[in-house]
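Report on the following structure.
Chain letters run A, B, ... following the sequence lines, proteins first and then strands; every chain starts at 1. As the structure is a computational prediction, the values presented were derived from the model and not from experiment.
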2 protein chains.
Amino acid sequence: MVTRKEVALQAGVSESTVTRVMNGGYVSPSVREKVAKVIEEMNYRPNLFAQGLRTKRTYQIACIVPSIDNPFYGEVMQGIEEVAIEHGYVLSMYSSRVVNKSPGRSFFSGRNDAVILLSPGESRGWLLRDLWEAHMPLATFWDWETEAPSPSVSVDLRIGMQAAVEHLVSLGHRDIGYIGYMNPARAETDRNPRLTGFKESMAAHGLRTHPDQFQYTADRGSLDAGYHGVEELVGKFPGLSAIVTSNDLLAFGAIRWLEEHGIHVPEDISVVGCDDIAYSALSNPPLTTIAIPKREVGNHLMNLVLSLIESRKSHHDGSEHIQVPIELVVRSSTAVKRTNTE
Amino acid sequence: MVTRKEVALQAGVSESTVTRVMNGGYVSPSVREKVAKVIEEMNYRPNLFAQGLRTKRTYQIACIVPSIDNPFYGEVMQGIEEVAIEHGYVLSMYSSRVVNKSPGRSFFSGRNDAVILLSPGESRGWLLRDLWEAHMPLATFWDWETEAPSPSVSVDLRIGMQAAVEHLVSLGHRDIGYIGYMNPARAETDRNPRLTGFKESMAAHGLRTHPDQFQYTADRGSLDAGYHGVEELVGKFPGLSAIVTSNDLLAFGAIRWLEEHGIHVPEDISVVGCDDIAYSALSNPPLTTIAIPKREVGNHLMNLVLSLIESRKSHHDGSEHIQVPIELVVRSSTAVKRTNTE
DNA sequence: TTGAAAGCGATACCAC
DNA sequence: GTGGTATCGCTTTCAA
């Protein structure tokens with residue numbers, strides 16, 4: 001590895017001068033040129049550790065994502081990366097699962113200038129506290145409950161769900177099921193906006209709901225959960241003509257189970273998802289879903305931590321919240337309720 | 001932030017002793033206990049930069065992935081993370097796209113102890129050279145060409161493709177199309193194992209192939225590419241009864257286009273994918289595909305760089321290659337060739 | 001405009 | 001067993 005010292009020696013100047021050339025200080029044009037050439041030739045790169053040791057900046061942002069195999073988060077990550085790169089930052093990645101069971105908990109600080117928390121779920125408790133104590137700049141993507149504990153970007157899923165129900169009702173559906181994640185530990189205290197939106201909207205249309213219409217999943221949203229979720233749901237509430245799910249993966253899993261059991265989507269049952277991952281437009285049938293602008297969410301998140309870092313404050317003093325608009329995109333997994341002729 | 005110095009002061013010992021307690025050196029039990037308690041109380045964490053500056057170890061591994069939104073790579077990443085965590089390493093993530101257009105190219109070294117390169121494509125050229133020059137330990141996941149330039153884990157897609165063709169032929173198909181990625185710049189020189197396997201197997205069954213049976217995509221594998229790919233393919237070679245694609249996303253895109261045009265899968269055309277991402281088992285129809293054990297690939301990759309790091313050598317001296325077995329999993333996107341009654 | 005020197009917070013080798 | 005100290009490569013005053 002080539003150090004600043006060597007460059008200085010080679011160029012016949014002091015180390016300080018090399019630093020000035022690197023960081024744009026006062027250097028006479030002639031010297032600057034000479035040094036720059038040596039730097040180029042020797043392919044000199046400042047040592048990030050030495051640099052970090054002095055400046056306390058790492059130019060690295062930690063992203064904590066639940067289940068990286070959900071393409072949704074992949075797309076958000078891309079959004080984050082786009083603006084990160086632009087500002088000379090790189091990303092480190094941790095999946096919630098390992099964060100949760102990690103022995104050394106606060107392994108973010110020291111290595112990262114800030115952390116971005118995507119859909120904080122189980123981790124919420126101690127993680128947020130840890131981060132707080134470490135004065136770590138923090139931004140979250142918040143699609144849960146109504147209030148975020150830090151600068152955040154969020155989407156109003158309450159509205160989203162309302163749009164979904166509205167759509168379904170306009171197609172003649174009245175018996176609508178719901179499949180979604182629910183932390184069993186906090187079942188009753190949770191202010192889950194999707195659930196709230198769903199219930200509110202049902203009520204607004206004069207539709208009563210029975211507990212059996214709801215199927216809660218233990219994991220945050222996966223194909224399997226959807227697959228087994230509908231199974232239970234239609235088992236305990238057979239009359240359904242439509243189902244709303246809290247994410248696309250759930251919807252796909254559900255659709256599969258239904259098809260396997262001769263229940264066709266959308267002919268027999270309409271299904272609407274949430275997220276609008278890339279696949280949803282090309283699935284069979286193409287999925288009606290609540291579209292979240294994922295890249296944009298990522299962009300905002302990164303900008304948020306950027307400004308946090310710039311202003312050298314952590315999230316404690318007055319949190320900024322950005323609400324990105326979402327919309328229902330209607331495709332082919334929903335259709336008018338079929339008139340039962342049985 | 002609490003430093004070693006402060007701990008030493010508080011515990012009434014020297015800084016060296018604190019270090020020994022941290023790193024398991026010779027310390028009398030009584031002192032060790034005392035110091036440990038202080039460390040605990042003050043919640044002391046060694047500064048990674050200072051540490052890295054001395055030891056030149058970062059305990060961070062860079063992963064370069066093409067299109068993070070392909071769930072395939074997400075699953076491989078999980079595999080990597082599993083063993084990384086176990087050994088106290090964390091991951092940083094770069095998507096090839098940004099790596100490719102990044103100004104400061106060798107931004108891995110100094111920050112990472114090693115890099116894992118997933119499906120090096122376009123980046124191959126300069127990136128590999130850069131890494132080499134930086135003496136950076138490197139492992140690649142290599143599903144392309146036959147020889148990897150570094151320790152690597154690979155899958156024998158030639159065999160995989162043969163199995164796919166075999167399967168199709170046994171179902172009575174003779175006119176089989178191929179959709180896959182091909183770097184236009186190296187079209188003829190590329191030793192693409194999938195393509196090779198496909199052609200060989202076709203030949204082995206006495207099936208002649210026409211250039212029009214092949215559809216090359218510019219991107220590495222996406223829904224869109226598959227969607228537009230089939231369109232062109234069936235346009236120029238209408239007689240197809242089966243299609244092999246070089247990844248599942250391509251297959252799904254293709255299936256969608258076909259369905260939209262009244263061509264049913266598998267009744268009219270059989271489609272086989274490659275990768276077996278989670279979704280493939282639950283898609284509609286469930287996809288026949290070549291299954292790659294993604295977690296395992298990730299595990300191997302991380303173990304590879306781990307041993308590289310341990311032995312303090314980069315990849316230059318004798319590369320280890322691990323070949324993970326793959327297999328065709330037959331689901332419902334393939335069926336016996338329908339006898340044309342038109 | 002340039003150079004010297006004091007740290008940043010750890011490690012590792014050396015005495016004691 | 002324990003403490004002192006040089007050192008890692010850089011940034012940042014402060015003089016010159």
Side-chain angles (χ1 to χ4, degrees), chain A residues 1-39 42-60 88 104 106-107 109-113 134-135 312, chain B residues 1-39 42-60 88 104 106-107 109-113 134-135 312:
Chain A
M1 200 205 173
V2 31
T3 71
R4 192 190 53 157
K5 192 173 184 176
E6 302 174 276
V7 174
L9 216 65
Q10 181 71 23
V13 298
S14 76
E15 301 185 35
S16 316
T17 300
V18 176
T19 294
R20 280 189 206 99
V21 172
M22 288 296 292
N23 304 351
Y26 275 7
V27 189
S28 69
S30 61
V31 174
R32 170 176 291 278
E33 192 188 359
K34 181 175 61 180
V35 175
K37 200 164 140 249
V38 175
I39 288 177
M42 304 183 75
N43 191 32
Y44 164 68
R45 314 253 168 240
N47 178 312
L48 289 176
F49 287 101
Q51 218 161 5
L53 186 54
R54 287 302 315 234
T55 61
K56 269 104 179 71
R57 304 268 315 251
T58 72
Y59 291 95
Q60 179 167 296
S106 46
F107 48 52
S109 68
R111 201 186 277 280
N112 300 286
D113 287 341
H135 294 282
R312 288 248 221 55
Chain B
M1 200 206 172
V2 30
T3 71
R4 193 190 53 156
K5 192 173 186 174
E6 300 174 274
V7 174
L9 216 67
Q10 181 72 24
V13 297
S14 75
E15 301 185 35
S16 313
T17 300
V18 177
T19 295
R20 280 188 206 98
V21 172
M22 290 295 293
N23 304 350
Y26 275 9
V27 190
S28 70
S30 61
V31 174
R32 171 176 292 278
E33 193 189 358
K34 181 176 62 181
V35 175
K37 200 163 139 250
V38 175
I39 288 177
M42 303 183 75
N43 191 30
Y44 163 67
R45 312 252 169 242
N47 178 311
L48 290 176
F49 287 101
Q51 218 161 7
L53 187 53
R54 285 303 313 224
T55 62
K56 268 100 181 75
R57 303 271 313 252
T58 71
Y59 290 94
Q60 180 168 295
S106 47
F107 47 52
S109 68
R111 199 186 278 277
N112 300 286
D113 287 342
H135 293 282
R312 289 247 221 54

Spatial distance of atom CG (B:Asn112) from atom CD (A:Gln60) [nearest 0.5 Å]: 7.5 Å
Nearest-angstrom distance from the residue atom [atom1] of [X] to [atom2] of [N]:
X       : N      : atom1 : atom2 : result
A:Gln51 : D:dC8  : CD    : C1'   : 14 Å
A:Glu15 : C:dT2  : CD    : P     : 16 Å
B:Asn23 : C:dG9  : CG    : P     : 18 Å
A:Lys5  : C:dA5  : NZ    : P     : 13 Å
B:Leu53 : C:dA12 : CG    : P     : 12 Å
B:Tyr26 : C:dA12 : OH    : C1'   : 16 Å
B:Leu9  : D:dG4  : CG    : C1'   : 16 Å
A:Arg57 : C:dC8  : CZ    : C1'   : 16 Å

Please state whether the base of D:dG3 and the side chain of B:Arg20 form at least one donor-acceptor pair under 3.5 Å? yes
Tell me, yes or no, whether the heavy-atom count around A:Lys37 atom NZ, taken from other residues, nucleotides or ligands under 6.0 Å, exceeds 12. no
When you measure from the side-chain N and O atoms of [X] to the phosphate of [N], is any distance below 4.0 Å, counting only OP1 and OP2?
X       : N      : result
A:Lys56 : C:dG9  : yes
B:Ser16 : D:dG3  : no
A:Tyr44 : D:dC10 : yes
A:Thr17 : C:dG3  : yes

Side-chain heavy atoms of B:Phe49 within contact of A:Thr58, under 4.5 Å: yes
So does A:Ser30 get a backbone contact from the side chain of A:Glu33, meaning a donor-acceptor N/O pair under 3.5 Å? no
Hey, which of these two, B:Arg54 or B:Val13, hits DNA chain D nearer its 5' end, going by closest nucleotide? B:Val13
Where the side chain of A:Ser28 is defined as all heavy atoms beyond and including C-beta, which of C:dT1, D:dG3, D:dC8 is the nearest nucleotide? C:dT1
Of the listed nucleotides (D:dG3, D:dG9, D:dT12), which one gets closest to any side-chain atom of A:Asn47? D:dG9
Considering all heavy atoms, the nearest B:Ala11-B:Val38 contact: CB-CG2, 3.8 Å
